[in-house]
Amino acid sequence: MADEAPEPGPPEDEADPWSPARRHLSQAVHLALQREGFAGTLGEVERNLGEPPEGKGDLAFPAFRWAKALRTTPPLLAERLAGAIGSVPGFARVSADGGFLNADLEALPFHLSTLAMIARRGDRYGSWPATGPSVLLEHTSANPTGALHVGRSRNGVLGDTYARVLRARGFPVTTEFYVDDLGRQAATLVWIWSIPPAQWPTEIREALPLVTSPEPPPGAKPDHYYGQAYVPAFAYMRAHPEAESEVNALANRVEQGTGDLRSYRRVPQAILEGILSSLARMNIRFDRFVWESDLVVDGSVQRVLERLARSDKAHRAEDGALGVDGRPFGLPEESPYVYATRADGTHLYPARDVAYHEGKFERAGRVINVLGQDHRLHVQGLFALLDAVGESRRPETLFYGYVNLPEGKMTTRGGRVVLLDHVLDEGRRLALRELETRRPELSDAEREEIAEKIGHSAVRYHLLRVQPDKPIVFRWEEALSFEGKSAPFLQYAHARAASLLRKGEATGGPGTAPRVPSRAEAPSSWDPRETALVRSLSRLPGLVDRVAQDGSVHLLAVYAHDVAERFNEFYQSLRVLDAEGPLRQLRLALVHASRQVLANTLDLLGLEPLERM
RNA sequence: GGGCGAGUGGCUUAGCUUGGAUAGAGCACCGGAUUCCUAAUCCGGCGGCCGCGGGUUCGAAUCCCGCCUCGCCCGCCA
């Protein structure tokens with residue numbers, strides 16, 4: 001492939017097989033329209049190119065609205081355009097059909113060049129060189145007060161996937177986790193663990209009879225171990241004013257920047273590490289952590305408050321609390337103000353959030369947050385404050401719906417939660433059980449490794465496959481389904497392809513990829529399943545481009561299923577290794593390209609491609 | 001009450017940003033495929049007033065208005 005001369009054309013042509021076709025066709029249509037007296041832009045034409053239904057060609061242009069502007073009828077205009085256009089590079093014919101202009105690609109060159117592009121680009125098929133502005137993407141940012149539940153992990157799955165897609169699209173992305181160590185939740189846990197369990201109040205000791213050590217015992221995850229004290233400690237604090245004031249005093253000291261941060265952070269830090277190890281099982285990692293308390297220590301919260309105090313948009317409550325009128329930003333009449341400080345001048349979360357965002361804007365040109373739908377109003381408050389301090393930049397937000405249980409909302413304090421670790425463990429267990437019956441020839445260690453990858457991929461895919469703003473009702477059978485629309489379905493297709501390549505001695509390593517046949521060598525007529533497969537493979541770059549724009553990461557999950565399905569149809573009905581000559585070569589190239597696209601797509605989704613399963 | 005989000009076959013869901021030609025899947029159910037490259041697969045069947053009503057348009061699941069249902073938020077908590 002390396003010695004093949006690259007086609008001349010814009011860089012876009014090197015990334016997306018559809019790019020030259022769309023460009024040539026829209027240029028031709030635009031030119032023809034101009035001759036009819038149309039004055040619009042090329043982009044306008046290209047945006048209107050669509051995919052016609054099965055059997056009506058490959059790209060279609062609806063003539064309706066243009067016909068109106070040009071005072072003729074759509075079928076007539078389509079006819080005239082078709083006549084004027086003649087031949088377009090890459091297309092076999094352009095013809096009128098009712099009010100539509102339908103264009104048929106020259107199938108063979110398009111299919112072969114798609115395969116060649118995939119072979120040439122390899123892991124980079126579906127990506128662009130990093131040339132865009134830097135992006136800072138904050139996600140998950142779970143309070144370090146206990147183990148993560150599946151609902152929270154939806155944030156991580158969406159955020160991590162979006163980050164991967166943006167990187168692929170050419171944006172240098174940094175991911176951040178905001179560690180909310182101030183506030184009463186964290187302080188409650190810090191407080192209880194500052195006391196040796198043996199000296200805990202009776203109510204708490206009775207609620208946690210097995211907890212005797214101030215440190216997690218060997219084998220216990222710190223997020224689970226420390227976190228279990230949260231509910232009883234919180235309840236106790238609420239019932240005992242002297243405990244509550246201790247917690248408040250603790251929180252106030254760090255809020256003022258006068259506490260001993262090192263010892264204060266011991267428990268939150270340990271819990272955070274537990275949370276991160278759970279997320280890492282699903283391939284979620286972070287580039288940077290910002291501790292809320294650091295924003296106090298480094299003075300950035302103070303600077304924000306000073307700017308706000310000077311602002312003519314500031315609102316000062318009678319008792320002295322400092323805030324801003326949020327009504328212009330959509331805050332409700334009944335509670336129009338968002339406050340940055342309490343009456344005593346101590347700062348509140350919104351102040352720290354503004355300080356955090358000022359830092360983000362310094363670090364990147366584009367700032368994105370992944371937030372649960374319960375934060376919609378908070379963001380409006382944040383905007384009001386940013387406006388008041390004279391900040392014109394704004395973060396973008398990807399909102400997502402809750403993960404609920406069939407019985408209702410997950411509540412930590414109500415004790416109705418499904419923890420991520422438990423789902424991951426159960427996924428691994430079920431996968432292992434399958435592997436024991438299906439693949440007895442593998443070693444225990446291999447089966448264990450594969451089972452973990454199947455299990456966590458299944459969970460991740462389940463959280464990814466629906467539109468972010470739709471709520472999900474968590475059901476074990478669905479989350480851990482291994483058939484149909486599931487990660488194992490995708491992994492299975494990948495494993496089948498990998499197996500074929502091993503047997504066809506084309507492992508995909510350097511120099512071993514099957515050569516994409518030339519136009520002269522390739523069979524001229526293809527099976528419909530072969531063409532459907534390449535077509536599917538050709539769509540990845542266009543999709544990455546779109547998802548990077550609007551964060552609709554679920555479309556990539558849907559796409560992965562489409563590719564796997566096309567591959568399975570192909571695999572099921574056509575022989576690869578038994579085929580001969582050019583046909584074998586073509587099919588091996590198809591398998592190779594399919595494996596590549598599946599691997600690239602799975603990687604974008606943070607799922608594990610498997611060589612065998 | 002206000003604001004925001006969602007309503008598509010029995011269940012889950014894609015398509016809605018940018019209106020376009022028979023609304024596409026998965027699960028469940030029924031029936032089929034394995035002397036052959038991994039049946040976690042494939043093929044066929046069943047099943048849809050796209051929440052309801054109106055409007056815009058040559059054309060509406062898609063845009064606009066109203067209504068209904070569900071969810072979330074509405075603290076000097078975070």
Side-chain angles (χ1 to χ4, degrees), chain A residues 47-48 50 52-56 60 62-65 67-68 73-74 97-100 102 143 180 182-186 292 317 319-323 330-344 346 348-350 352-353 372-378 380 399 401-402 404 409 431 434-435 438-439 454 465-467 469-473 475 477-478 481-493 495-504 546 549-550 552 554-555 557-559 561-562 564-565 567-579 587 591 612-613:
Chain A
R47 266 195 306 280
N48 278 281
E54 209 41 56
K56 299 237 179 217
F64 299 85
R65 75 181 60 168
K68 177 175 274 185
T73 66
D97 182 350
F100 290 92
N102 291 336
N143 283 349
D180 190 357
L182 300 184
R184 301 305 183 264
Q185 280 112 317
E292 193 171 21
D319 59 10
L322 185 63
L331 259 59
E333 289 294 328
E334 308 83 70
S335 59
Y337 302 111
V338 42
Y339 285 99
T341 73
R342 298 189 180 87
D344 62 8
T346 58
L348 291 160
Y349 178 82
R352 294 170 230 141
D353 204 17
Q373 62 163 343
D374 50 331
H375 283 74
R376 283 182 190 272
L377 211 53
H378 301 160
Q380 294 174 319
F399 287 110
Y402 272 4
N404 296 311
K409 215 178 143 176
E434 288 294 314
L435 283 161
R438 289 168 195 271
R439 322 256 38 215
I454 291 174
R465 52 180 274 262
V466 303
Q467 226 177 81
D469 32 347
K470 293 221 179 188
I472 293 179
V473 176
R475 295 188 182 89
E477 329 77 77
E478 285 175 8
S481 160
F482 293 169
E483 335 176 305
K485 286 184 175 171
S486 71
F489 179 91
L490 314 177
Q491 293 170 309
Y492 185 66
R496 277 176 147 181
S499 167
L500 276 182
L501 294 173
R502 279 194 300 275
K503 291 184 174 149
R546 188 232 149 123
Q549 284 174 41
D550 64 9
S552 49
H554 66 292
L555 293 182
V558 170
Y559 171 74
H561 181 264
D562 181 68
E565 190 172 41
F567 178 77
N568 281 330
E569 287 161 9
F570 160 84
Y571 180 95
Q572 196 80 23
S573 50
L574 304 171
R575 311 248 74 207
V576 175
L577 301 179
D578 303 343
R587 289 187 178 164
V591 173
R612 37 174 65 80
M613 69 183 279

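Numbered from 1 within each chain, the chains take letters A, B, ... in sequence-line order. Just the heavy atoms: all of them, side chains too, but no hydrogens, waters or symmetry mates, feed the values below.
Contacts of A:Tyr337 with the nucleic acid, taken as non-hydrogen atoms under 4.0 Å apart, are absent. Within the 4.0 angstrom heavy-atom criterion, no nucleotide atom of any strand lies near A:Ala493. Here A:Pro74 lies out of heavy-atom contact (under 4.0 Å) with every strand. Residue contacts shown for A:Arg587 are absent, as no nucleic acid heavy atom lies under 4.0 Å away. When heavy atoms are screened at a 4.0 angstrom cut-off, A:Val466 is found touching the sugar-phosphate backbone but no base atom. Within 4.0 Å (heavy atoms only), A:His554 reaches sugar-phosphate atoms of the nucleic acid but no base atom. Using a 4.0 Å heavy-atom distance criterion, A:Pro53 is classed as a base contact. Among the heavy atoms of the strands lying under 4.0 Å from A:Arg575 is at least one base atom, whether or not backbone atoms are also near. Within 4.0 Å (heavy atoms only), A:Leu577 reaches at least one base atom of the nucleic acid. Counting any heavy atom pair closer than 4.0 Å across all strands shown, A:Gly183 reaches sugar-phosphate atoms only and no base atom. Among the atoms of the strands shown, none is found under 4.0 Å from any heavy atom of A:Ala67. If you check every strand for non-hydrogen atoms under 4.0 Å, A:Leu490 touches nothing.
Listed candidates were B:rA21, B:rC77, B:rG19. Nearest to the side chain of A:Asp97 is B:rA21. Each of B:rA39, B:rC74, B:rC76 was ranked by its minimum atom distance to the side chain of A:Ala317; first place goes to B:rC76. Distance from the side chain of A:Ser335 is smallest for B:rG75 among the nucleotides B:rG75, B:rG26, B:rC73. Counting only heavy atoms from C-beta on, A:Lys409 has its side chain closest to B:rC72 among B:rA78, B:rC72, B:rA14. The listed nucleotides are B:rU22, B:rU41, B:rA25; the one nearest the side chain of A:Gln572 is B:rU41. Closest to the side chain of A:Ala495, out of B:rC4, B:rU22, B:rU38, is B:rU38. Side-chain proximity of A:Asp469 to B:rA21, B:rC72, B:rA6: nearest is B:rA6. Of the candidates B:rA33, B:rU38, B:rG20, B:rG20 carries the atom nearest the A:Pro62 side chain, counting heavy atoms from C-beta on. Nearest to the side-chain atoms of A:Glu569 among the listed nucleotides B:rU57, B:rG15, B:rC42 stands B:rC42. Comparing B:rG1, B:rA78, B:rU38 by their closest approach to the side chain of A:Arg439 singles out B:rU38.
A donor and an acceptor atom never sit less than 3.5 Å apart when one is taken from the side chain of A:Glu483 and the other from the base of B:rG26. Checked by distance alone, A:Lys56 brings no side-chain donor or acceptor within 3.5 Å of a matching partner on the base of B:rA21. Residue A:Asp374 places no side-chain atom within donor-acceptor reach of the base of B:rA78, judged by atom type and a 3.5 Å distance cut-off alone. On a pure distance criterion of 3.5 Å, no polar donor-acceptor pair joins the side chain of A:His561 and the base of B:rA25.
A distance of about 12 Å separates the C1' atoms of B:rA25 and B:rU8, rounded to the whole Å. Separation of the P atoms belonging to B:rU18 and B:rG32 is 49 Å when rounded to the nearest angstrom. With both ends at atom C1', the span from B:rG15 to B:rU22 equals 15 Å, rounded to whole Å. Rounded to whole Å, the separation between the C1' atoms of B:rA23 and B:rG9 comes to 11 Å. Spacing between B:rC42 and B:rG1 at atom P, rounded to whole Å, works out to 49 Å. Atom C1' of B:rU12 sits at a distance of 33 Å from the matching atom of B:rG55, rounded to the whole Å.
With hydrogens and angles disregarded, no donor-acceptor distance shorter than 3.5 Å links the side chain of A:Ser552 to the backbone of A:His554. With hydrogens and angles disregarded, a donor-acceptor distance shorter than 3.5 Å links the side chain of A:Arg587 to the backbone of A:Arg575.
The side chain of A:Lys470 places an N or O atom within less than 4.0 Å of a non-bridging phosphate oxygen (OP1 or OP2) of B:rG7. OP1 and OP2 of B:rU17 both lie 4.0 Å or more from every side-chain N or O belonging to A:Arg47. Note on A:Gln467: a side-chain N or O is less than 4.0 Å away from OP1 or OP2 of B:rA14. Distances shorter than 4.0 Å separate none of the side-chain N or O atoms of A:Arg502 from OP1 or OP2 on B:rU38. In this model, the phosphate group of B:rA39 is approached by a side-chain N or O of A:Arg496 to a distance below 4.0 Å at OP1 or OP2. In terms of phosphate contacts, A:Arg65 brings no side-chain nitrogen or oxygen within less than 4.0 Å of OP1 or OP2 of B:rG20. Distances shorter than 4.0 Å separate none of the side-chain N or O atoms of A:Ser573 from OP1 or OP2 on B:rC42. Dashed line: the shortest gap from a side-chain N or O of A:Arg465 to OP1 or OP2 of B:rG26 is not under 4.0 Å.
Heavy-atom distances to RNA chain B give each of A:Lys485 and A:Ile454 a nearest nucleotide, and the one nearer the 5′ end belongs to A:Lys485. Where A:Lys68 and A:Ala63 meet RNA chain B, the nucleotide closest to each residue was compared, and A:Ala63 sits on the side nearer the 5' end.
Stacking here means ring centres nearer than 5.5 Å and ring planes tilted less than 30 degrees, and by that measure A:Phe100 stacks onto B:rA21.
When only modelled atom types and interatomic distance are considered, A:Tyr349 and A:Asp180 share no side-chain donor-acceptor pair under 3.5 Å.
The interatomic distance linking A:Phe489 (CZ) with B:rA39 (P) rounds to 13 Å, in whole Å.
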Given A:Arg612 and A:Arg502, is the side chain to side chain contact (heavy atoms under 4.5 Å, CB included) satisfied, shown in steps? CA-CA 11 Å; A:Arg612 37 174 65 80; A:Arg502 279 194 300 275; 3.3 Å; yes
